[in-house]
Amino acid sequence: MPAAPSSPSSTDTHCPYCSLQCGMRLRPVEPAAPGEPAVAVEERPDFPVNQGALCGKGSSAAAVLSARARLGTPLVRDHRTGRLREASWPQALERATQGLAAAASRYGRDAVGVFGGGGLTNEKAYLLGKFARVVLRTANIDYNGRFCMSSAAAAQRRAFGLDRGLPFPLADVSRTGCLVLVGANPADTMPPAVRHLRELREAGGRLVVVDPRRTRTADLADLHLRPLPGTDLALALGLLHLVITEGRVDEEFVATRTTGYERARAAAMAHWPERVERLTGVPVAHMRRAVELFCDAPTGMVLTARGGEQHSKGVDTVGAWINLCLATGRAGRPRSGYGCLTGQGNGQGGREHGQKADQLPGYRAIDDPAARAHVAGVWGVAPDTLPGPGRSAYEILDGLGTDGGVRALLLMGSNPAVSAPHAGHIRERLRALDHLVVCDVVLSETAELADVVLPSAQWAEEDGTMTNLEGRVILRRAALSPPDGVRTDLAILRALAGRLGVGHGFPHTAQEAFDELRQASAGGQADYSGITYERVAAENGVFWPCPATAAGRPAHPGTPRLFLDRFATPDGRARFADVSHRPAAEEPDADYPLRLTTGRVLAQYQSGAQTRRTPALQRAAPGPFVELHPRLAARLGVADGDPLTVTSRRGRATAPAHVTPTIRPDTVFMPFHWPGAGSANNLTNPALDPVSRMPEFKVCAVRVEKTPPGGTA
Ligand SMILES: Nc1nc2c(c(=O)[nH]1)N[C@H]1C(S)=C(S)[C@@H](COP(=O)(O)OP(=O)(O)OC[C@H]3O[C@@H](n4cnc5c(=O)[nH]c(N)nc54)[C@H](O)[C@@H]3O)O[C@H]1N2
Ligand SMILES: Nc1nc2c(c(=O)[nH]1)N[C@H]1C(S)=C(S)[C@@H](COP(=O)(O)OP(=O)(O)OC[C@H]3O[C@@H](n4cnc5c(=O)[nH]c(N)nc54)[C@H](O)[C@@H]3O)O[C@H]1N2
Ligand code: SF4
Ligand SMILES: [Mo]
């Protein structure tokens with residue numbers, strides 16, 4: 001679809017926040033006051049994912065560009081006072097590189113770590129990975145995407161041989177027969193996507209929502225299943241059991257396009273409906289109804305998000321939902337399939353191009369000799385100088401400042417002091433570092449702990465590509481120049497590399513970085529070599545894989561839909577997962593009798609670093625709360641608004657009660673967007689999935705008490 005014409009002075013670009021990467025237009029305006037942004041956000045109806053619609057975060061995104069909200073100069077920690085003070089760029093860069101180099105020479109190269117973010121552009125993620133492997137030569141680089149869709153990625157890889165959030169454009173969702181949303185609340189987390197759900201319903205399609213809470217998304221559904229947090233694996237097995245016993249297996253699809261069915265079938269047979277009802281709390285009648293809706297429809301999709309994935313069994317849980325799709329032939333066919341709603345703006349591209357501990361650009365495995373040789377060739381280094389796989393995000397954070405752990409950390413695009421599980425412990429670990437360098441646009445809670453803070457330019461001030469939840473590579477264009485005193489992340493990496501003795505290979509422009517990334521990705525699974533800035537702009541995004549073609553040949557069109565002919569496994573068949581129910585890492589007991597689950601609210605984004613600085617959003621969602629059912633509230637003698645203390649084995653959080661019948665009586669919910677006393681991550685359990693290393697954000701055991709006047713319970 002051609003891009004709609006924009007007025008000569010306005011810039012077509014995309015939202016700085018979530019993985020929809022909604023199209024928007026930035027129009028130059030006279031700043032309302034000195035230091036206020038010189039652009040206004042406007043609709044851009046030609047972008048097919050959001051068709052002009054924006055949520056409140058997108059429409060208020062210009063606020064974070066204002067001088068009031070953000071960092072305007074580098075900061076270094078003063079040895080005498082212990083406080084951060086303003087510094088010049090040369091001073092700050094010198095201090096930053098000295099600290100990194102000192103740790104490497106004292107403890108070895110792997111004692112220097114890099115922690116990235118899924119909000120960074122492809123170009124930044126690529127150069128951050130290159131910086132770690134070529135300049136620091138450390139194995140220990142990982143990113144916050146590990147906390148996001150790593151379980152779905154691992155499960156998709158296991159089943160399909162490839163992982164791309166959605167294997168089809170988001171708009172296909174409105175044309176399927178029955179959509180099952182597992183642990184996803186797009187009405188709050190991706191509001192413009194709701195139009196596709198509405199279109200689905202208008203076209204006669206069915207919607208099933210699986211969530212322990214009756215969310216605004218569940219309100220749109222034909223059927224709402226409310227499992228106990230942490231029991232989706234059992235639920236999916238129970239549904240497969242019914243599919244089998246009711247004779248609804250697509251035998252022909254199973255025989256011709258899959259492997260491993262027999263074991264999956266045996267596991268499902270051990271999860272009979274009554275057993276699953278006991279484990280999940282979902283009545284057998286509701287399970288039967290779900291199977292009826294899913295199998296009676298001619299086509300079907302299952303999409304998972306963090307509710308089903310952020311578990312110490314997240315990979316197996318997603319595997320069980322994929323099994324359901326495979327057994328019913330709802331995969332690798334038009335209007336059918338499994339997909340993951342990725343979360344951050346570039347959660348997808350961020351891992352494809354080298355921020356993940358075990359991956360090189362192009363979605364290549366870092367322990368594959370051919371992959372190493374290819375990427376080393378592009379980087380002009382010997383393959384054996386490239387480090388091997390490093391530790392995962394939580395494991396890096398957990399080991400900070402310890403023997404054998406990371407002693408100096410470069411952090412770009414994440415705020416783990418608020419967003420990591422067991423965050424009280426992680427804040428201690430961050431403080432125990434010899435040296436912490438944070439590149440951010442604001443003084444985040446993590447930047448407050450740093451030795452050096454480098455102020456970065458942001459989305460509207462620089463070019464760069466992002467890969468949205470559909471695997472569509474889109475282009476953000478600079479609409480403004482960065483304020484004085486602020487540098488782009490690309491310029492920061494180039495300066496750090498230069499001071500650490502690598503004076504080349506860190507380009508000046510994002511487009512040069514992208515052209516190198518294309519070469520590095522060529523021949524890999526996530527092949528971007530045929531994608532150019534010009535094409536992305538002209539075609540409203542290009543879906544990977546998109547290999548370059550020989551001169552004179554037509555360009556590759558990109559791949560909006562995957563797996564229609566074959567899956568990306570060596571034999572072309574999808575693999576059933578051999579999975580069985582297991583309990584959460586921490587189940588309730590007499591001391592901690594309730595389940596806590598955590599998630600998001602509409603008006604705040606992640607650790608809140610940006611949205612808490614946006615006045616309209618902060619007014620809409622000013623602070624944390626504890627959602628609990630009226631029956632539980634009555635049992636605890638709690639009224640709406642009463643101050644509550646929530647305690648887990650790891651810590652305590654205090655926040656007002658929000659009494660609502662939309663939650664299960666055995667479960668409480670807290671959003672995680674705020675630091676301080678009400679921070680949900682004071683409580684969460686860092687138990688990791690054995691394959692994806694995803695922490696169990698979505699379930700731990702807690703006690704809830706009314707906070708007595710003047711103190712904690
Ligand atoms: N407003 C807003 N939007 C965002 C973000 C944000 O911070 N704020 N972040 C972005 C990012 S990075 C991400 S990853 C996405 C996340 O998007 P979502 O996954 O939609 O968001 P969550 O609120 O984390 O979780 C979704 C639902 O999972 C449910 N849930 C909790 N435990 C369980 C369980 O055990 N099983 C099941 N089935 N469901 C459970 C919760 O009740 C919640 O309604 O949102 C993106 N969009
Ligand atoms: N309890 C609980 N905890 C969770 C979750 C949950 O569901 N429950 N969800 C997890 C998930 S899915 C995620 S994705 C994580 C996210 O949690 P975080 O990784 O903390 O994500 P953000 O808050 O978006 O942090 C991004 C930081 O980068 C900065 N930034 C933005 N743009 C740029 C840029 O271009 N350059 C630089 N240098 N900095 C930039 C922002 O100001 C901000 O400080 O939280 C996880 N934590
Ligand atoms: S849904 Fe996501 S991408 Fe779209 S405007 Fe809101 S935050 Fe931005
Ligand atoms: Mo996320």
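One-based numbering, in listed order, for ligands and for the atoms of each. What you see below is based on every heavy atom in this structure, not just the backbone, and it leaves out hydrogens, waters and symmetry mates.
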Open item on the list: Taking 4.0 Å as the limit for heavy-atom contacts, which would you say applies to Arg600 with ligand 2: side chain only, backbone only, both, or neither?
Closed with: side chain
Open item on the list: For Pro229, which part has a heavy atom under 4.0 Å from ligand 1: side chain, backbone, both, or neither?
Closed with: both
Task: Plane angle bin for Tyr394 and His425 - parallel if under 30°, tilted between 30 and 60°, otherwise perpendicular - done: tilted
TODO: Starting at CG of Leu207, measure out to CG of Leu179 and round the result to the nearest 0.5 Å.
DONE: 5.5 Å
Task: Residue portion contacting ligand 2 (non-hydrogen atoms closer than 4.0 Å) for Leu120 - done: side chain
Task: With Phe506 via ring-ring contact (aromatic ring centres under 6.0 Å, His included) - residues at least two apart - done: none
- [ ] Quick one: do Arg476 and Glu461 satisfy salt bridge (Lys or Arg N to Asp or Glu O under 4.0 Å)? Show the steps, please.
- [x] CA-CA 9 Å; Arg476 286 186 187 163; Glu461 298 162 351; over 6 Å; no
Task: Which segment of Val601 sits under 4.0 Å of ligand 1 when only heavy atoms are counted - done: backbone
Open item on the list: Are any of the N/O atoms on Cys439, whether in the backbone or the side chain, positioned under 3.5 angstrom from an N/O atom of ligand 2?
Closed with: yes
TODO: Would you indicate whether the side-chain heavy atoms of Asp188 and Thr215 approach each other to under 4.5 Å?
DONE: no
Open item on the list: Considering non-hydrogen atoms of the protein only, which is the closest contact for atom 21 (O) of ligand 1, and what is the distance?
Closed with: Thr189 CG2, 3.4 Å
TODO: List every atom of ligand 1 that sits less than 4.0 Å from any heavy atom of Gly343, numbering the atoms from 1 in the order shown and giving each element.
DONE: 10 (C), 11 (C), 12 (S), 13 (C), 14 (S), 15 (C), 46 (C)
Task: Sum of protein N, O or S atoms, each under 2.8 Å from atom 2 (Fe) of ligand 3 - done: 1
- [ ] Indicate yes or no: does an N/O atom of Tyr605 lie under 3.5 Å from an N/O atom of ligand 2?
- [x] no
Task: Min N/O separation Gly599 to ligand 1 under 3.5 Å - done: no
- [ ] Measure from the ring center of His353 to the ring center of Tyr126 and say whether it is less than 6.0 Å.
- [x] no
Task: Location of contacts on Met149 toward ligand 2, heavy atoms closer than 4.0 Å - done: neither
Task: Test of proximity, Thr231 against ligand 1: N or O pairs below 3.5 Å - done: no
Task: Heavy-atom nearest option to atom 35 (O) of ligand 1, drawn from Gly230, Ala184, Ala187 - done: Gly230
Task: Atom pair CZ (Phe131) and CD1 (Ile492), whose distance is rounded to the nearest 0.5 Å - done: 11.0 Å
- [ ] Could you see which bit of Gln604 sits under 4.0 Å from ligand 1, with heavy atoms only: side chain, backbone, both or neither?
- [x] backbone
Task: Region of Asp188 engaging ligand 1 - heavy atom pairs below 4.0 Å - done: backbone
Task: Region of Asn185 that comes within reach of ligand 1 [heavy atoms, distance under 4.0 Å] - done: both
TODO: For residues Glu352 and Gln348, determine if any side-chain heavy atom of one lies less than 4.5 Å from a side-chain heavy atom of the other.
DONE: yes
Open item on the list: Check whether Phe669 forms a cation-pi arrangement with Arg213 (NZ or CZ under 6.0 Å from the six-membered ring centre, at most 45° off the ring normal).
Closed with: yes
Task: His673 touching ligand 1 at heavy-atom level, < 4.0 angstrom - done: yes
Open item on the list: Checking a contact table here: which protein heavy atom is nearest atom 34 (C) of ligand 2, and how many Å away?
Closed with: Asp489 OD2, 3.6 Å
- [ ] Record the part of Leu602 in heavy-atom contact with ligand 1 below 4.0 Å; permitted values are side chain, backbone, both and neither.
- [x] backbone
TODO: Starting at OH of Tyr143, measure out to CG of Leu128 and round the result to the nearest 0.5 Å.
DONE: 12.0 Å
TODO: Taking only heavy atoms of Asp232 into account, list the atoms of ligand 1 that are under 4.0 Å away from them.
DONE: 34 (C), 35 (O), 36 (N), 37 (C), 38 (N)
Open item on the list: Tell me the contacting part of Ala609 for ligand 2: side chain, backbone, both, or neither, using a 4.0 Å heavy-atom threshold, strictly below.
Closed with: side chain
- [ ] Tell me which protein heavy atom sits closest to atom 43 (C) of ligand 2, plus the residue, atom name and distance to 0.1 Å.
- [x] Asp440 OD2, 3.5 Å
